[in-house]
Amino acid sequence: MSKLTEQVERVRVLIAEDQTLIREGLITLLAQQDDNFEMLPGAADGEQAIEFTRRYRPDVILMDLQMPRVGGIAATQRILREFPNTHIVVLTTFETDDLIFEAVSAGAKAYLLKDARVDEIAATIRAVTNGQSALSPSVAARILDELKRLRPRHAPASPRVNDGLTAREKEILRLVVEGKSNSEIGKHLHLAEGTIKNHVSTILEKCGARNRTELAIRTLGLN
């Protein structure tokens, strides 16, 4: 029974990075950071990341943006079309607004710079596998600014994201937008974490959002 539990809890991690030293170093360091990380063979470019996703079915992909053959954003789009439950974490040296916006719009759940500590990267992997977004407030704010810039000033008003939600779901949505985890929301509302997770899944489905990050951005952008 313990072996079965261990198998269920393991997180399969794929690193897509064209620099061999960084790729192999991260594989080694992350394996040491958490016994539940199953480190898969690293991908040297976006095309190989797509191929390895089909072969190994990772739970989380650490995705560089600037890679040969197929870049990280295009690879993210193609992977999520085929495997929508895969969690993609961008890991890059670039922090420009357009790249952040494109990566999150493509479906990335987190955006980290390569100077992040290994324990931060490991914590982000755990967060996204638990259904949490991992965008810092400053990154989220920049995405919202870009959304407002792209939306025509006189565009017709869109329906509110929370139309059709129950009172409880609206309350949970508000806490999701504030960046609260399922555990934190559960404590705040005196509900089990599993109950919150089910509510969040329902809210995502009703709002047509792929993940918590997209849900929060869409909610803030339309309100």
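All heavy atoms count here, side chains included; hydrogens, waters and symmetry mates do not. Remember, it's a predicted structure, so these values are computed and weren't measured experimentally.
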| said: Assess whether a salt bridge exists between Arg78 and Glu82, defined as any Lys/Arg side-chain N lying under 4.0 Å from an Asp/Glu carboxylate O. | reply: no
| Which value, rounded to the nearest 0.5 Å, describes the distance between Met63 atom CE and Leu112 atom CG? | 13.5 Å
| message | Under a 4.0 Å threshold between the charged nitrogen and the carboxylate oxygen, would Glu120 count as salt-bridged to Arg117? | response | yes
| said: Could you check whether any side-chain heavy atom of Lys170 comes within less than 4.5 Å of a side-chain heavy atom of Arg174, counting everything from C-beta outward? | reply: no
| query | Do Val11 and Glu38 touch side chain to side chain, with heavy atoms closer than 4.5 Å? | reply | no
| task | Could you pull out the closest heavy-atom pair between Val90 and Ala108, with the gap in Å? | result | CG2-CB, 3.8 Å
| Has the side chain of Glu171 got a donor or acceptor atom that lies under 3.5 Å from a matching backbone atom of Ala167? | no
| query | What is the distance from atom OG1 of Thr76 to atom CG of Leu65, rounded to the nearest 0.5 Å? | reply | 7.5 Å
| task | Side-chain contact test, heavy atoms from C-beta onward, threshold under 4.5 Å: evaluate it for Phe52 versus Pro58 and give yes or no. | result | no
| Hey, does Thr86 have a side-chain heavy atom less than 4.5 Å from the side chain of Leu14? | no
| OG of Ser201 to CD1 of Ile196: how many Å apart, nearest 0.5 Å? | 11.0 Å
| task | Take Gln48 and Val70 through the side chain to side chain contact (heavy atoms under 4.5 Å, CB included) test and state the conclusion after the steps. | result | CA-CA 9 Å; Gln48 196 169 53; Val70 176; over 6 Å; no
| query | Is the closest side-chain heavy-atom distance between Asp59 and Val13 below 4.5 Å? | reply | no
| field | Where Gln33 and Ala122 come nearest, the two heavy atoms and their spacing | value | CG-CB, 3.4 Å
| message | Using 0.5 Å steps for rounding, measure from the OH atom of Tyr111 to the OG1 atom of Thr92. | response | 5.0 Å
| Do the side chains of Leu191 and Arg168 get nearer than 4.5 Å, heavy atoms only? | yes
| request: Starting at CD1 of Ile121, measure out to CD1 of Ile125 and round the result to the nearest 0.5 Å. | output: 7.5 Å
| task | Begin from the C-alpha positions of Asp45 and Asp18 and carry the test side chain to side chain contact (heavy atoms under 4.5 Å, CB included) through to its verdict. | result | CA-CA 5 Å; Asp45 55 53; Asp18 62 325; 5.5 Å; no
| query | Would you say the side chain of His87 lies within less than 4.5 Å of the side chain of Thr129, judging by non-hydrogen atoms? | reply | yes
| query | What's the shortest heavy-atom distance between Asp35 and Arg10, and which atoms? | reply | O-NH1, 3.0 Å
| Is there a donor-acceptor pair under 3.5 Å between the side chain of Glu169 and the backbone N or O of Thr166? | yes
| Ile88 side chain reached by Leu80 side chain, heavy atoms, under 4.5 Å | yes
| said: What's the separation between atom CD1 in Ile61 and atom CD1 in Ile79, rounded to the nearest 0.5 Å? | reply: 4.0 Å
| query | Just by distance, do the side chain of Arg12 and the backbone of Met39 share a donor-acceptor pair under 3.5 Å? | reply | no
Side-chain donor-acceptor pairs under 3.5 Å in residues 21-32, sequence neighbours left out?
{"unit_1": "Arg23", "atom_1": "NH1", "unit_2": "Glu17", "atom_2": "O", "d": "2.6"}
{"unit_1": "Thr28", "atom_1": "OG1", "unit_2": "Glu24", "atom_2": "O", "d": "3.1"}

| message | Between Asp64 and Lys114, does any NZ, NE, NH1 or NH2 come within less than 4.0 Å of an OD or OE carboxylate oxygen? | response | yes
